Amino acid sequence: MITQEHPKSVIVIFGATGDLAKRKLFPSIYRLVQNEKIGKEFAVVGVGRRPWTNDEFRNNVSDSIQSSLKESKDLNDFTSHFYYHPFDVTNPSSYLELNDLLGQLDGTYQTEGNRIFYLAMAPEFFGTIAQNLKKQGLTETNGWSRLVIEKPFGHDLPSAEQLNQEIREAFNENQIYRIDHYLGKEMVQNIEVIRFANAMFEPLWNNRYISNIQVTSSEVLGVEDRGRYYENSGALRDMVQNHLLQMVALLAMEPPIKLTTDEIRSEKVKVFRALRSISEDEVKNYFVRGQYTSGKLGDKELIGYREENNVDNESQTETFVAGKLLIDNFRWAGVPFYIRTGKRMAAKSTKIVVQFKDIPMNLYYKKGETVPPNLLVINIQPDEGITLQLNVKKDGDAGDSMPVKLDLTNDFLDGINTPEAYEKLLYDCMRGDATNFTHWDEVALSWSFVDPISEAWKKGKAELATYPAGSMGPKEADEMLEKDGNQWWPVN
Ligand SMILES: NC(=O)C1=CN([C@@H]2O[C@H](COP(=O)(O)OP(=O)(O)OC[C@H]3O[C@@H](n4cnc5c(N)ncnc54)[C@H](OP(=O)(O)O)[C@@H]3O)[C@@H](O)[C@H]2O)C=CC1
Ligand SMILES: O=C1O[C@H](COP(=O)(O)O)[C@@H](O)[C@H](O)[C@H]1O
């Protein structure tokens, strides 16, 4: 059941001394309190191995908030709800002491026995933690207990199945919240509303009127200090298996009969089932992988991926992926969904471009010229909003037209006040709303789609292209669309 307001809970963060907790989780909890989404009935217990005291932990939380948010007030009051409990999560007996602390905090903060266990740690610990929580009795409370799991959920389908089995021995599916932070982004959540609340789009949202859909998520950052993780992951597992496929599912799904978690998830699952699987030998025709070499962004000289920390100097890991997806159902037969993502690209931008089919006859452009297509652009980040590219009469020339953009960016959204994705997802989890978390079926189907691609690459069945850091990816990604008579639309 979904709680309507002011959910109460103790939140245990495993990995509370790590990067994700500091950059995303603490500021999100702070904003939930400041925005009065949660009241005083909450406590946070941080777990890590570092021998910090409560005070050291609280100082770290304060620093994180001051460095991530423009304004911070009442920090002492806020951090007084935070407790640190150091232990190695592989040590079963330590969970008993943690349970005692949770019992005390339940009483002090009147959290009604509700517990969130947030696993902000490397995935190899997920199964162990879940099982220890169950075995040592931490899930037996008067209230509810929920498990939030960070990505990546496994490395491929077999490892994801194994992990799922371990977790399911301790928690039911309805207690498990697999986070995909893209599903918490305002404009990703807006995809459904734009599609299903506007009479003008839904009738056109099919293969009769849409030529192709492009989903780009480009990053300016390189791998930073995550080389060790990224070498085993690459862009396919890091971004495509989760964030990009989730956006494709939201764009392609049928209208759910109700806005409930189960109905929405079941429509997304149907999209994953209709995704045309690609055999290892076909991968080179549908996917391009690339790796950045040294380059320049503005005045800044950038090193190549192989020179980054903890990266093999002969690494074959892809830092860029572009792909062409086909969805074999009545609505989408014949419409390519092009996706691309990469690190060290020219711009930080997540954008969806829906390109409509050409008009049947060109009355307005000169012979040989084509009328620019109508484009619906959903800007997910850094700007949020939508633009619609239409053709209008060219000034003073009755027989000519030109494209203009109907820009709804500033009119309805103020990016500064838009809640962080993690803030929304944490709040959803506290309220028991799992709609914007991924169900196991979605995870399993997306691995089934991705596994032959990574297998083909591992076996060298497709070239690893290169691109200079600071560019929009390898030329092979442009050629993939050119073969279909299409082109990538600019992201900025
Ligand atoms: N950082 C990011 O931007 C994103 C991260 N993620 C995911 O979030 C998770 C965490 O990532 P991130 O914060 O970057 O990782 P970090 O390496 O920064 O943090 C790892 C955390 O795990 C703790 N830890 C490691 N081993 C143990 C152990 N045996 N017992 C107890 N604590 C332990 C560390 O504590 P200590 O050192 O004190 O032992 C530390 O708090 C990963 O699954 C990652 O894939 C997902 C999306 C984005
Ligand atoms: O999950 C991940 O996402 C980030 C990009 O997230 P965004 O919200 O900044 O678009 C990516 O940098 C990271 O490698 C990946 O693990």
Side-chain angles (χ1 to χ4, degrees), residues 12-28 45-52 56-57 60 64 68 84-92 94-95 98 118-129 132 148-155 163 178-188 215-247 305 308 310 317-321 341-345 347-351 379-382 384 418 420-425 438 491:
V12 184
I13 301 179
F14 289 90
T17 56
D19 177 73
L20 183 74
K22 185 162 187 169
R23 282 193 311 110
K24 300 288 185 188
L25 303 184
F26 304 146
S28 297
V45 178
V47 175
R49 286 169 304 184
R50 274 163 243 195
W52 285 357
E56 282 171 303
F57 183 48
N60 190 273
S64 112
S68 3
Y84 186 67
H85 192 69
F87 72 95
D88 188 317
V89 295
T90 56
N91 178 9
S94 304
Y95 289 79
L98 175 63
Y118 195 120
L119 310 193
M121 287 188 50
E124 67 251 34
F125 295 110
F126 294 169
T128 310
I129 300 174
N132 275 312
V148 182
I149 305 181
E150 266 299 336
K151 65 166 264 278
F153 196 89
H155 187 71
L163 174 59
R178 296 179 195 81
I179 244 183
D180 180 318
H181 77 276
Y182 269 55
L183 295 181
K185 291 186 190 282
E186 183 67 17
M187 289 308 295
V188 173
V215 182
T216 299
S217 186
S218 59
E219 293 187 77
V220 168
L221 288 181
V223 284
E224 310 298 295
D225 51 4
R226 294 171 77 209
R228 204 167 279 127
Y229 154 77
Y230 202 81
E231 274 286 89
N232 286 315
S233 155
L236 185 71
R237 293 187 175 97
D238 190 45
M239 294 291 289
V240 175
Q241 181 270 338
N242 33 73
H243 309 321
L244 273 84
L245 289 184
Q246 283 293 328
M247 287 190 278
Y305 177 68
E308 301 276 14
N310 298 316
T317 302
E318 78 289 352
T319 59
F320 172 96
V321 175
T341 182
K343 295 211 179 271
R344 278 283 187 251
M345 292 177 68
K348 169 77 180 164
S349 175
T350 304
K351 207 179 267 281
N379 296 303
I380 289 167
Q381 62 185 15
E384 295 179 322
T418 305
E420 242 294 336
Y422 277 95
E423 180 184 338
K424 282 204 234 176
L425 294 173
T438 46
V491 297

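The figures here come from the full heavy-atom set of this structure, side chains too, leaving out hydrogens, waters and symmetry mates. Keep in mind the model is a prediction, meaning the values are calculated, not measured. Counting convention: from 1, in listed order, for ligands and their atoms alike.
- For the atom pair CZ (F126) and CD (E150), the distance works out to 7.0 Å, reported to the nearest 0.5 Å.
- For ligand 1 and D88, the ligand atoms under 4.0 Å from any heavy atom of the residue are 28 (C), 29 (N), 30 (N).
- Every atom of ligand 2 is numbered from 1 in the order shown, and the set under 4.0 Å from a heavy atom of D238 is 13 (C), 14 (O), 15 (C), 16 (O).
- Only the side chain of E150 comes within 4.0 Å of ligand 1, counting heavy atoms alone; its backbone N, CA, C and O stay farther away.
- With a heavy-atom cut-off of 4.0 Å, P86 does not touch ligand 1 at all.
- Scanning all heavy atoms of the two residues, the minimum distance from T317 to G234 falls at CG2-CA, 3.5 Å.
- The CG atom of N242 sits 5.0 Å away from atom NZ of K151, with the distance rounded to the nearest 0.5 Å.
- When all heavy atoms of R237 and H155 are compared, the closest pair comes out as NE-O, 2.6 Å.
- Looking at R23 against ligand 1, only its side chain comes within 4.0 Å, counting heavy atoms.
- In this structure, the separation between CE on M239 and CG on L244 is 6.0 Å, given to the nearest 0.5 Å.
- Short contacts between ligand 2 and K343, defined as distances under 4.0 Å to a heavy atom of the residue, involve ligand atoms 11 (C), 12 (O), 13 (C), 14 (O).
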key: side-chain hydrogen bond (donor to acceptor under 3.5 Å, both in side chains) evaluation trace for Y305 with E318   = CA-CA 9 Å; Y305 177 68; E318 78 289 352; over 6 Å; no
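- Heavy atoms of Y230 found under 4.0 angstrom from ligand 2: none, in either backbone or side chain.
- Ligand 2 is never approached by T350 to a heavy-atom distance shorter than 4.0 Å.
- Here F26 contributes atom CZ and L20 contributes atom CG; the two are 9.5 Å apart, rounded to the nearest 0.5 Å.
- Close approach of ligand 1 to F125 is summarised as follows: ligand atoms under 4.0 Å from at least one heavy atom of the residue are 26 (N), 29 (N).
- At the top of the distance list for atom 8 (O) of ligand 2, counting protein heavy atoms only, stands K185 NZ, 2.6 Å.
- The T17 neighbourhood of ligand 1 comprises atoms 34 (C), 35 (O), 36 (P), 37 (O), 38 (O), 40 (C), 41 (O), with distances under 4.0 Å to a heavy atom of that residue.
- Salt-bridge annotation for K24 and D19: absent, with no side-chain N of the basic residue lying under 4.0 Å from a carboxylate O of the acidic one.
- Here the protein heavy atom with the shortest distance to atom 13 (C) of ligand 2 is R226 NH1, 3.3 Å.
- In this structure, S233 contributes its side chain and Y229 its backbone to no donor-acceptor pair below 3.5 Å.
- The protein heavy atom nearest to atom 28 (C) of ligand 1 is R49 CD, 3.5 Å.
- At least one heavy atom of F87 sits less than 4.0 Å from an atom of ligand 1.
- Shortest contact from atom 9 (O) of ligand 2 to any protein heavy atom: K348 NZ, 2.8 Å.
- Closest to atom 6 (O) of ligand 2, if we only count protein heavy atoms, is H181 NE2, 3.2 Å.
- The atoms of ligand 2 that sit less than 4.0 Å from any heavy atom of K151 are 1 (O), 2 (C), 15 (C), 16 (O).
- Of the possible donor and acceptor atoms, none in the side chain of Y230 sits under 3.5 Å from a partner among the backbone N and O of D225.
- Close approach of ligand 1 to P152 is summarised as follows: ligand atoms under 4.0 Å from at least one heavy atom of the residue are 45 (O).
- Against a heavy-atom cut-off of under 4.0 Å, Y182 is close to the following atoms of ligand 2: 6 (O), 7 (P), 8 (O), 10 (O).
- Taking 4.5 Å as the limit, some side-chain heavy atom of V188 sits within range of a side-chain heavy atom of M247.
- Remark: minimum distance from atom 23 (C) of ligand 1 to any protein heavy atom is reached at G15 CA, 4.0 Å.
- Closest approach of Y182 and T350 over heavy atoms only: OH-OG1, 3.6 Å.
- When hydrogens are left out, the protein atom nearest atom 1 (N) of ligand 1 is D19 OD2, 2.7 Å; that is the closest non-hydrogen contact.
- For K24, the closest heavy-atom approach to ligand 1 does not fall below 4.0 Å.
- Within the structure, ligand 1 lacks T90 among the residues with a heavy atom less than 4.0 angstrom away.
- Judged by distance alone, with hydrogens and angles left aside, the side-chain atoms of S217 form no donor-acceptor pair with the main-chain N or O of T341 at under 3.5 Å.
- Atom 42 (C) of ligand 1 has its closest protein heavy atom at M121 O, 3.4 Å.
- Counting atoms of ligand 2 from 1 in the listed order, those under 4.0 Å from a heavy atom of E219 are 5 (C), 11 (C), 12 (O).
- Within a 4.0 Å radius of atom 18 (O) of ligand 1, the protein has at least one heavy atom.
- Counting the atoms of ligand 1 from 1 in the order shown, those under 4.0 Å from a heavy atom of A16 are 41 (O).
- Each of the atoms 36 (P), 37 (O), 38 (O) of ligand 1 lies under 4.0 Å from some heavy atom of R50.
- Looking from atom 5 (C) of ligand 1 to the surrounding protein, the closest heavy atom is L20 CD1, 3.9 Å.
- Looking at atom 10 (C) of ligand 1, its nearest protein heavy atom turns out to be A120 O, 3.3 Å.
- Between the CG atom of L183 and the OG1 atom of T438 there is a distance of 7.0 Å, given to the nearest 0.5 Å.
- Heavy-atom proximity to atom 30 (N) of ligand 1, evaluated over D225, I129, V89, is greatest for V89.
- When all heavy atoms of T90 and T128 are compared, the closest pair comes out as CA-CG2, 4.3 Å.
- The two residues K343 and L221 come nearest to each other via the heavy atoms CB-O, 3.4 Å.
- Considering backbone and side-chain atoms together, Y229 places no N or O closer than 3.5 Å to any N or O of ligand 2.
- Shown in contact with H243 at under 4.0 Å from a heavy atom are these atoms of ligand 2, numbered in order with element: 1 (O), 2 (C), 3 (O).
- Ring geometry for W52 against Y84 counts as tilted: the plane angle lies between 30° and 60°, on a 0 to 90° scale.
- When hydrogens are left out, the protein atom nearest atom 45 (O) of ligand 1 is K151 O, 3.0 Å; that is the closest non-hydrogen contact.
- The existence of a salt bridge linking K424 and E186 is confirmed by a sub-4.0 Å separation between a basic side-chain nitrogen and an acidic carboxylate oxygen.
- Contact record, I13 with A21: CG2-CB, 4.3 Å, taken as the closest heavy-atom pair.
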